[in-house]
Amino acid sequence: MDGHRHQGRDPHTGAAFQERGRHQREHAEAGVTKKTLYDRFGSKEQIVVEYLAARDERWRAFLAPCLDAAGPEPAARVLAVFDASRAWAAEHGSKGCSMVNAHAEISDPAHPALPVITGQKQWMLALFTDLAGDIAPEGADRLGRTLMLLHEGALVAHGLGVFADPIGRAREEARALLAAAEGSAAKR
């Protein structure tokens, strides 16, 4: 993944991308003209790729110490993902998931950002599935997908402002789901 990324990312471009319309995002807060950005990155599409790749790197770096702090207990590590998402949303704004938002705006199935978007979501699914495997080995795929749906739905609801604290609510649903899965696994 690192091979296609530009090393000279401007951190201000990310804030502009998340907060403004796509046609203004590339240059709004970067303090440079569109021409300068296109000269630097090659195309509008590559700017989107660079932003999303950097956002994914920042999310993974943000999440890692949260998982470490949760300790070795698998259910605590799952809940730490929800806690990290809640903290990330508080720190980075209320527009929801950048990957989901970008995907909603990209209509071209050959857009170069799609592998970044789907790669980030596949990574999250693998994380939930791996953690679920430590709780309920025989049902890890199903539990991982269900946790992913809770998490992603919470991010979307958060971005839309549908109701108060959807990430916290999803965390509580995940806790109940994990308790049931642990109970079922213990009976086997």
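At least one side-chain heavy atom of Leu147 sits under 4.5 Å from a side-chain heavy atom of Leu178. Counting only heavy atoms from C-beta outward, the side chains of Thr129 and Arg145 never approach each other to under 4.5 Å. Side-chain contact between Val48 and Glu105 is absent, with no heavy-atom pair separated by less than 4.5 Å. Annotation: side chain of Trp88 is not in contact with side chain of Leu63 (no heavy-atom distance under 4.5 Å). Between Val81 and Met124, the closest side-chain pair of non-hydrogen atoms falls below 4.5 Å. Ile47 is not listed as a side-chain neighbour of Glu50, based on a closest heavy-atom distance of 4.5 Å or more. Put simply, the side chain of Lys121 reaches to within 4.5 Å of the side chain of Glu152, judged on heavy atoms.
Minimum heavy-atom separation, Leu52 to Ala102: CD1-CB, 3.8 Å. The minimum heavy-atom distance between Ala170 and Ala154, with the atom names listed, is CB-CB, 3.5 Å. Taking both residues in full, the closest heavy atoms of Arg60 and Gly119 are given as NH2-O, 4.1 Å, listed atom of the first, atom of the second, then distance. For the pair Ser85 and His151, the tightest heavy-atom approach, listed with the atom from each and the gap, is OG-NE2, 2.5 Å. The minimum heavy-atom distance linking Ala84 with Phe62 is given by the pair O-CE2, 3.3 Å. Of all non-hydrogen atoms in His158 and Gly96, the two that sit nearest each other are CD2-N, 4.4 Å.
Taking hydrophobic clusters as Ile, Leu, Val, Met, Phe, Trp and Tyr residues chained together by side-chain heavy-atom distances below 4.5 Å, Val78 does not share a cluster with Ile167. Note on Phe163 and Val156: same hydrophobic cluster, where clusters join Ile, Leu, Val, Met, Phe, Trp and Tyr whose side-chain heavy atoms are under 4.5 Å apart, directly or indirectly. Put simply, Val162 and Val100 are part of the same group of oily side chains (I, L, V, M, F, W, Y) that touch within less than 4.5 Å, one to the next.
Taking CG of Leu131 as the reference point, atom CG of Leu143 lies at 9.5 Å (rounded to 0.5 Å). Interatomic distance, Leu150 CG to Leu155 CG, rounded to the nearest 0.5 Å: 11.0 Å. Thr118 OG1 to Gln120 CD: the interatomic distance, rounded to the nearest 0.5 Å, is 10.0 Å. To the nearest 0.5 angstrom, Trp59 atom CH2 is 9.5 Å from Cys97 atom SG. Taking CZ of Arg142 as the start and CG of Leu177 as the end, the distance is 8.5 Å to the nearest 0.5 Å. Distance CG/Leu79 to SG/Cys66: 12.5 Å, rounded to 0.5 Å.
Glu172 is linked by a side-chain contact (heavy atoms from CB on, under 4.5 Å) to Arg175, counting only residues two or more places apart in sequence or in another chain.
Taking a cutoff of 4.0 Å between a charged side-chain nitrogen and a carboxylate oxygen, Arg169 and Asp165 do not qualify as a salt bridge.
Aromatic ring pairs are classed by plane angle as parallel below 30°, tilted from 30° to 60° and perpendicular above 60°; the pair Phe128 and Phe82 is tilted.
The side-chain hydrogen bond (donor to acceptor under 3.5 Å, both in side chains) pairs that include a residue from residues 62-83 are Asp83-Arg171, where partners are two or more places apart or lie in different chains.
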